[in-house]
Amino acid sequence: MIYLQLLWVFVKIGVLGFGGGYAMLSLIQHEVVDHYGWMTTTDFTDMVAISQMTPGPISINLATYVGYTTAGFGGSLLASFALCLPSVIMVYLILKLFMSKRNNALMDNTLKGLKPAIAGLIFAAGLSMMNTQNFVDFGRGQYNISVIICVLAFVASYFFKANPILLIVLSGIVGFIAY
Amino acid sequence: MKKPIQLFLTFFKIGAFTLGGGYAMLSMVEKAVVDQKKWIPNDEFWDMIAVVQSLPGVFAVNTALYVGHRVAGTRGAFAAMLGAIIPSITIILLLATVFREYRDQPVVERIFKGIRPCVVALILAPSLRMIKSAKVTWKTAIIPIATVFLIWWCKISPAYVILAAIAGSLIYALVIGRKTKDGGQKTKDGRRRTEDVPSPQSPVLSPKSSVPSPKSQVLSQERKEAKP
């Protein structure tokens, strides 16, 4: 049963995952945290942090981890391959009826229209992670270190395009000292 | 060495050493496939990437499948795909077992308390950059705002929101495609609210544009077709 659920969830994510790994976060979070309850938001956040620090696509990393925590080694392989399955089918279809970029303005325009929605999707994933489990000292005491970390990391990432791995390591050090 | 094995090794190396997801892999793939091995000519490679980019799913896997298939057929495609994902799967499986063991240690917990707010920032920042690069105006800001509201507040499955957004964008693209014969290069002047079926009231064009609104364009198109 759990295998069927994993298969269904990750095939669905593979089909609807437009716009890269970050855009898939929202889909994965909804299924894994809200719908099936396989992980808590905190587990999910930790996993995103680990995925960002390890090589390879974030979505594959997440699929492997979710599969492993819910159904062991077999589950991890199943979830990863389920995520790739739609890709295999689609790439073959594209190769069969080869559409070059030049005569494919329709798809181009569709994707352009889709972009603002995908941005909203990613933003929603970030907002859903803003809870008191992830911001432990929010509203407690006078120093909200979590909020300070979040704001500083945001400024560094948005305005200065700081390396995400560096930011994760630095905030880990801050957490170690502060808590 | 046989091509599928070479493909496997090439993508394995890239999968094992590239941090930062699919797009970071792209320049490594180009270097290996176009410059070093000379499997695919440069212009064909980028043409292909443009197609692959527009597909849903894992970008790195799509790229691997396409390159693999182009170089060595079905076996090449699967060899390249496995090469791209096996390092990820292995590393995460190892980390998952270690992480389970140590995550309740106070030291690890303290470190992660610091990391979690940072992860939130690392997700919010690229989404805002994307809104900027998509040239969202005050009028079209309704799209990302509605998306956030539906997913975050109403807890509607992102799957439905994406499907609605695809439907809306497709209608928009069809309208734009009719407006400009060259395939709608002037798309920057209007974006439709994706959740809705187009209504005559919805302002789709920016004031700068002098082109008739898509709606009237569609109507005039229909009239033209009706004439003969």
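The sequence lines fix the lettering, A, B, ..., with proteins before strands; numbering per chain opens at 1.
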Discussion item. Determine whether a donor-acceptor pair (N or O, by modelled atom type, separation under 3.5 Å) exists between the side chain of B/T140 and the backbone of B/V136.
Written reply: no
Worksheet entry | Any donor-acceptor N/O pair, B/R129 side chain to A/S157 backbone, under 3.5 Å | yes
Discussion item. Do B/T97 and A/Y68 pair up side chain to side chain, a donor and an acceptor below 3.5 Å, judged on atom types alone?
Written reply: no
Discussion item. Quick check on A/L27 against chain B: is it the side chain, the backbone, both or neither that has a heavy atom closer than 4.5 Å?
Written reply: both
Discussion item. Does any backbone or side-chain atom of B/K132 lie under 4.5 Å from a heavy atom of chain A? Answer side chain, backbone, both or neither.
Written reply: side chain
Fill in: Which portion of B/F149 sits near chain A, non-hydrogen atoms under 4.5 angstrom
neither
Practice prompt. Determine the option with the most heavy-atom pairs under 4.5 angstrom with chain B, choosing from A/T69, A/V174, A/I168, A/N61.
Written response: A/N61
Item to complete: Against chain A, work out which of B/I131, B/I89, B/I151 has the most heavy-atom pairs shorter than 4.5 Å and name it.
Response: B/I89
Item to complete: With a 4.5 angstrom heavy-atom cut-off, could you sort out which part of B/A141 is near chain A: side chain, backbone, both or neither?
Response: neither
Worksheet item: So which part of B/R100 gets closer than 4.5 Å to some heavy atom of chain A, the side chain, the backbone, both or neither?
Response: side chain
Fill in: Contact residues of residues 112-120 of chain B (partner chain A; heavy-atom separation under 4.5 angstrom)
B/F112, B/K113, B/G114, B/I115, B/R116, B/P117, B/C118, B/V119, B/V120
Practice prompt. Output the option from B/V107, B/L122, B/L163, B/V52 having the highest count of non-hydrogen pairs under 4.5 Å with chain A.
Written response: B/L122
Worksheet item: Side chain, backbone, both or neither: which part of B/V61 has a heavy atom under 4.5 Å from chain A?
Response: side chain
Item to complete: Measure from the side-chain N and O atoms of B/R110 to the backbone N and O of A/Y179, and report whether any donor-acceptor pair falls under 3.5 Å.
Response: yes
Worksheet item: Heavy-atom distance under 4.5 Å to chain B: side chain of A/N134, backbone, both or neither?
Response: both
Worksheet item: Measuring heavy-atom distances to chain B, does A/L111 have an atom under 4.5 Å in its side chain, in its backbone, in both, or in neither?
Response: side chain
Discussion item. Given heavy-atom pairs under 4.5 angstrom as the criterion, report whether the side chain, backbone, both or neither of B/L124 touches chain A.
Written reply: both
Worksheet item: Taking every heavy-atom pair that is under 4.5 Å apart, which of A/C84, A/P86, A/A178, A/G67 has the most such pairs with chain B?
Response: A/C84
Practice prompt. Can you tell which part of B/L82 gets under 4.5 Å to a heavy atom of chain A, answering side chain, backbone, both or neither?
Written response: side chain
Worksheet item: Side chain, backbone, both or neither: which part of A/Q29 has an atom under 4.5 Å from a heavy atom of chain B?
Response: neither
Discussion item. Under a 4.5 Å cutoff for heavy-atom pairs, which residue among A/A63, A/S26, A/S128, A/G120 has the most contacts with chain B?
Written reply: A/G120
Worksheet item: Between B/E109 and B/R103, is there a side-chain N and carboxylate O pair less than 4.0 Å apart?
Response: no
Worksheet item: Taking non-hydrogen atoms and a cut-off under 4.5 angstrom, which of residues 7-17 of chain B neighbour chain A?
Response: B/G15, B/A16, B/F17
Discussion item. Among B/P87, B/A159, B/S127, which residue has the highest count of heavy-atom pairs closer than 4.5 Å to chain A?
Written reply: B/S127
Discussion item. Using modelled atom types and a 3.5 Å cut-off, is there a donor and acceptor pairing between side-chain atoms of A/N144 and backbone atoms of A/S146?
Written reply: no
Fill in: Region of B/L170 that comes under 4.5 Å of a non-hydrogen atom in chain A
both
Worksheet entry | Residue A/Y22 versus chain B: region with a heavy atom under 4.5 Å | side chain
Fill in: Which atoms of A/L16 approach chain B - backbone, side chain, both or neither, heavy atom under 4.5 Å
both
Discussion item. Sub-4.5 Å heavy-atom contacts with chain B: which residues of residues 39-48 of chain A show up?
Written reply: A/T42, A/D43, A/T45, A/D46, A/M47, A/V48
Worksheet item: Which residues in residues 1-11 of chain A have any heavy atom lying under 4.5 Å from a heavy atom of chain B?
Response: none
